[in-house]
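Below is one structure, written out as structure tokens, with a few remarks after it.
Note that these values count all heavy atoms, side chains included, but never hydrogens, waters or copies made by symmetry.
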Amino acid sequence: MEQWERLVEVIRGPLVESVHFGALAVVDDTGKVLFRLGDIDKVYYLRSSSKPFQTIPLVDQGGVASFGFTQKELAITCASHQGTDDHVETLKSMHAKIGVGIENLLCGIHPAGDRPTALEMHKRGEEPDQYRHNCSGKHTGMLTQCKMSGFPLEDYTNVEHPVQKQIIQAFAEMVDVPVEEITIGIDGCSVPVFGVPLRKAAYGYARLCNPVGLGTPRESSCQQITAAMMAHPEMIAGPNKCLDTELMNAAKGKVVSKGGADGYQAVGIMPGVIGQEGVGITFKVLDGDVSGRARSAVTVALLASLGALSQGEVEQLSDFAPRPIYNVAGLQVGHIQTAFELPKGK
């Protein structure tokens, strides 16, 4: 079996102009592999696709109830948000509840990802701060864990900090990989990032969506996290053509979606949508897919083929599905298409 296979082709005229290669796994919550492309036992970093798992200890320990977090506030702990004013106000509300400030965030600073927000900030002469960072919600969840357990706020990003040890243990349990076999790196926001086989990450997403049998309080934690993500997809990414947000808006309670940097994408399908089991999908685009065109085309086409999206829902996602390419004059000059035989669902 090849390590990587053709996922997406970009066609211009009669020629294949470019190809995105990668690997893909579809696994149910029993661990059964439903579909595969390439080497799904190869280890990849989940990057931000791990965020729903990273918030599990916070929920396991009763943090949502202890601090009176809303579903919207829980959702942003799983987010790679665009730094809109709504995102910032949500974070400020959480910080007031837990008694921390912006100075406690160790995620760093970058401009708001939402272009209209960035332009308005420029007009106001407002510089970006940590609240605008796309990972500030995840970091706020980690600060909440510190406050709950009496851990030091300083250096909470360190892999040896007790909060990070709790997180990696929860992640290991969800993906069924021993802690010592998880590859650890450092993410763009300075916290540990996890590498596991693609198959195992998909299994973790399947269990996140159908946590039956995981015991108390883990079952409830997974249910709270997926419910929050699906109820507030605008918190997970943003308002302007973001795959995760638009997919969950269109699917209306059927899927959770969380992309990661460098071409990683994870999707969980809730039980009862294409079968009685929860189903996890993870794939890695080898070239990093900076524009996101490969991840979006594969995600929408695969979910439609499996029966998780209706034709009407696919039409709502036309900006993300396999689609025509137009030049600036409005002339169609090519198209983006999946390059593998899609599995057939219901």
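Using a 4.5 Å heavy-atom cutoff, the side chains of Arg323 and Arg293 are in contact. Residues Leu247 and Val255 are in side-chain contact: their nearest non-hydrogen atoms beyond the backbone lie under 4.5 Å apart. Within the 4.5 Å cutoff, side-chain heavy atoms of Gln224 are placed close to those of Ser220. Looking only at side-chain heavy atoms (C-beta outward), Asn210 and Met270 stay at 4.5 Å or farther from each other.
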Let me have the donor-acceptor pairs involving side chains of residues 99-106, under 3.5 Å, with sequence neighbours excluded, atom names and distances please.
from: Asn104; atom 1: OD1; to: Gly101; atom 2: N; distance (Å): 2.9

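Salt-bridge formation is detected for the pair Arg132/Glu126: a Lys NZ or Arg NE/NH1/NH2 atom is positioned less than 4.0 Å from an Asp or Glu carboxylate oxygen. Glu313 and Lys254 are joined by a salt bridge, as a carboxylate oxygen and a charged side-chain nitrogen come within less than 4.0 angstrom of each other. Ionic pairing of Asp29 and Arg207 is not present here: no N-O contact between side-chain nitrogen and carboxylate oxygen is shorter than 4.0 angstrom.
In this structure, Tyr205 has its ring center closer than 6.0 angstrom to the ring center of Phe53.
The line from SG of Cys135 to CD1 of Ile76 is 11.0 Å long, rounded to the nearest 0.5 Å. Atom CG of Leu58 and atom NZ of Lys138 lie 14.0 Å apart (nearest 0.5 Å).
Within a 6.0 Å radius of CD in Gln276, no more than 12 heavy atoms belonging to other residues, nucleotides or ligands are found.
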Which is it for Lys72 and Asp86 under the salt bridge (Lys or Arg N to Asp or Glu O under 4.0 Å) test, yes or no, and what are the steps along the way?
CA-CA 11 Å; Lys72 187 176 182 180; Asp86 188 22; 2.9 Å; yes

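Applying the salt bridge (charged side-chain N to carboxylate O under 4.0 Å, His left out) rule to Asp41 yields the partners Arg199; only residues at least two apart in sequence or on another chain are considered.
Ring geometry, His87 versus His81: the interplanar angle falls from 30° to 60°, so the pair is classed tilted.
Side-chain contact check for Glu73 and Ser93: at least one donor-acceptor pair (N or O, by modelled atom type) lies under 3.5 Å.
For residues 91-116, the set of pairs meeting the ring-ring contact (aromatic ring centres under 6.0 Å, His included) definition, not counting sequence neighbours, comprises His95-Tyr131, His110-His133.
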